[in-house]
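Here's the structure we're looking at; comments come further down.
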Amino acid sequence: NPNHVRAIKSGKEVKGYFAYYALDKKDNVNNNYVMQIWDENMNEVGQKKISLPKAEYLDDVAYDGTNIMTKFINIKDKKRTFRLYSDKAQDLGNKSEPVGKTELMMFEQDLKNPQAAPTFFSVENAGFVNYSFEDYKKYGYQIEFLTSGSATKGWIYSSDKNAKDFESANYLASSENILLSATTTREKWMQIKDLTYSILALDMKTGKKISMVPAGNSKYNYIPMGAYIGDGKYTVFGQFCGKTDNLLKAASLGLSIIEYDFSGKIITEKYTLWKDGLGKFAEMKGSKLLDGGYIYFHNVIKAPNGKIVLVGEQFHKAANAMGIVSMALGGGYNANTSKLVIGNFLFIELNPAFDIVGMKKIEKGESSFEMNGMDYIGAYLAAYIANSRGAFDYGYTTFSEDNSKFSVVYTDYDKLEGSKKNEAYAGNVTYDNGKFTVDKVPYKRGTDATFYRIYAAKNGYFMLMTYFKKTKELDFNLVKFNN
């Protein structure tokens, strides 16, 4: 499973790699596995063989700069287990707890068709945070913090067990003092028209609520898409809609940037319409870019030159020719007449006052995403689902050692210079004091390979995993970009 190989990060830097895979069958109920850990140069620093029940699956792994923690789900015993290891694979303890039926159902669905957003995160040099669904009066959530030095110490924050609405929470940002989460509330679980967001701030040391504020004002509501924490304040970036609009179906009107102090009081708020902000740099039709529709944002970066850079990809819904033919022939619900088309990269620059002052387009090949029910949902909701399934081309962001520049790595399939046919490659867009450069490195490694995947690496590189099904071999290599 390619999801069982992860880059281990400490803050912005890749510090190594974690791999977990099956060796053989121990008996009728248990399997043997091996856990390997490498440093950033792919030198092995630790290995551990473990025996686990066949019904136990690795959900996620994180590194907080000191230790590694894995999260497993046992679908038979209905429990989750956190296992703590040193960065040399030494066992430091574990903690098991029951998993509710909703959480278990969603996990089993994700095993068959991965689409869930991450629920397990690290807090640098502090520990680990887990988000879970809980079966309260209606579905609620639980946020659990586990300290780095112990698998059993920490705190738990839960939503109101008697709440009248369905509630959920997702990670936004964290520091040694505060944990920010984006929470959602809706009247019915499968209903998104009344969905609203809030920003929850918890004390990192105690788990007590500091504040919870609605994501919006009297005129607009916004979807949080990223945040960063400063000295006594935090900044949340989002895309906003009208107050009565369906947040996940309506077209975004523009970019929202809100600064709060830790108590939740607004320091600065700015709502910029796309036609006013991006209209200076691109042709617009309402909220759409004429050449590519909407923007899905992957990252918010504070650049060394004082600017803020938003990293996004263009997308739009388009006619699905094969789906239309299938529908005409009686294809039914599974035959969708539309698909999501993913296009170019956009880098949007903001000044410290949050004004849009620049936009750079990086052209790449188009890709498409199809799913059951595509005809019945809006473009933005389709984009969120597509991103959760890895359909976008964005890979990761790296920073130079002195933080003077950053690079965004992506994957694409196109005809490169000197090539006679299209081929898979890793692209590297480097931002250095307002200037962009693009590098492309092909990564196909022979015709016998079953599949490839790239992972984050130290600055200037990407890590390529290649799987050979015929020989059941995995190959790991660090590949250097040209510049």
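Along the sequence shown, residues carry numbers from 1. Quantities reported herein were computed from a predicted structural model and do not represent experimental measurements.
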Shortest non-hydrogen separation from [X] to [Y] and the atoms involved:
| X | Y | value |
| --- | --- | --- |
| Gly242 | Asp245 | N-OD2, 2.8 Å |
| Ala386 | Leu340 | CB-CD2, 3.8 Å |
| Gly264 | Val213 | O-CG1, 3.3 Å |
| Ser181 | Ile143 | OG-CD1, 3.8 Å |
| Tyr197 | Ala182 | CD2-CB, 4.4 Å |

**OP:** Could you walk me through whether Asn305 and Tyr431 pass side chain to side chain donor-acceptor pair (under 3.5 Å), step by step?
**Re:** CA-CA 10 Å; Asn305 61 2; Tyr431 179 91; 3.1 Å; yes

Does the ring centre of [Y] sit less than 6.0 Å away from the ring centre of [X]?
| X | Y | result |
| --- | --- | --- |
| Phe240 | Tyr222 | no |
| Phe237 | Tyr228 | yes |
| Tyr139 | Phe133 | no |
| Phe481 | Tyr461 | no |

Is the closest side-chain donor-acceptor distance between [X] and [Y] under 3.5 Å?
| X | Y | result |
| --- | --- | --- |
| Thr397 | Asn299 | yes |
| Thr184 | Ser168 | yes |
| Lys405 | Asn433 | no |
| Ser150 | Thr152 | yes |
| Asp432 | Thr430 | no |
| Thr398 | Asn459 | yes |
| Thr81 | Asn94 | no |
| Trp155 | Thr206 | no |
| Glu134 | Ser132 | yes |
| Ser148 | Asp64 | yes |
| Tyr296 | Asn387 | yes |
| Thr119 | Lys71 | yes |

**OP:** Take the angle between the ring planes of Phe315 and Phe392 and call it parallel below 30°, perpendicular above 60°, tilted in between.
**Re:**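 Correct class here is perpendicular.
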
Less than 4.5 Å apart, any side-chain heavy atom of [X] and any of [Y]?
| X | Y | answer |
| --- | --- | --- |
| Tyr131 | Tyr171 | yes |
| Ile257 | Thr235 | yes |
| Phe145 | Tyr157 | no |
| Thr411 | Ile454 | yes |
| Asp91 | Lys48 | yes |
| Tyr20 | Gln36 | no |
| Phe347 | Val311 | yes |

Closer than 4.0 angstrom, basic N to acidic O: yes or no for [X] and [Y]?
| X | Y | result |
| --- | --- | --- |
| Lys458 | Glu40 | no |
| Glu103 | Lys101 | no |
| Arg83 | Glu56 | yes |
| Glu97 | Lys95 | yes |
| Lys270 | Asp355 | yes |

Original post:
Can Tyr220 and Tyr271 be said to form a ring-ring contact (aromatic ring centres under 6.0 Å, His included), step by step?
Top reply: CA-CA 9 Å; Tyr220 302 117; Tyr271 292 86; 5.1 Å; yes

**OP:** Apply the ring pair (Phe, Tyr, Trp, His ring centres under 6.0 Å) test between Phe476 and each candidate in Trp38, Phe462, Tyr17; give the one that qualifies.
**Re:**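 Among the candidates, only Trp38 passes.
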
Original post:
Yes or no on side chain to side chain donor-acceptor pair (under 3.5 Å) for Asp135 and Thr102, after CA distance, side-chain angles and deciding distance?
Top reply: CA-CA 7 Å; Asp135 299 307; Thr102 302; 2.3 Å; yes

**OP:** For Met204 and Val123, run side chain to side chain contact (heavy atoms under 4.5 Å, CB included): C-alpha distance rounded to whole Å, both residues' side-chain angles, the deciding distance at 0.1 Å, then the answer.
**Re:** CA-CA 9 Å; Met204 198 73 251; Val123 181; 4.0 Å; yes

**OP:** Assess whether side chain to side chain contact (heavy atoms under 4.5 Å, CB included) is satisfied between Lys9 and Lys15, documenting all intermediate values.
**Re:** CA-CA 5 Å; Lys9 293 184 177 182; Lys15 291 295 187 180; over 6 Å; no

**OP:** Answer yes or no: is there a donor N or O on one side and an acceptor on the other, between the side chain of Asp39 and the main chain of Asn41, under 3.5 Å?
**Re:**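 Judged by distance alone, yes, a pair lies under 3.5 Å.
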
**OP:** Any chance you could lay out the side chain to side chain donor-acceptor pair (under 3.5 Å) test for Asn221 and Lys243, step after step, and finish with the verdict?
**Re:** CA-CA 5 Å; Asn221 287 328; Lys243 196 68 181 176; 2.9 Å; yes

**OP:** Step by step, work out the ring-ring contact (aromatic ring centres under 6.0 Å, His included) result for Tyr394 and Tyr410.
**Re:** CA-CA 5 Å; Tyr394 171 82; Tyr410 64 96; 9.3 Å; no

Original post:
How long is the gap from NZ on Lys88 to CD1 on Ile37, to the nearest 0.5 Å?
Top reply: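 Taking NZ in Lys88 and CD1 in Ile37, the distance rounds to 8.5 Å.
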
Subject >> Which residues share a salt bridge (Lys or Arg N to Asp or Glu O under 4.0 Å) with Glu259, sequence neighbours left out >> reply: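 Glu259: salt bridge (Lys or Arg N to Asp or Glu O under 4.0 Å) contacts with Lys233.
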
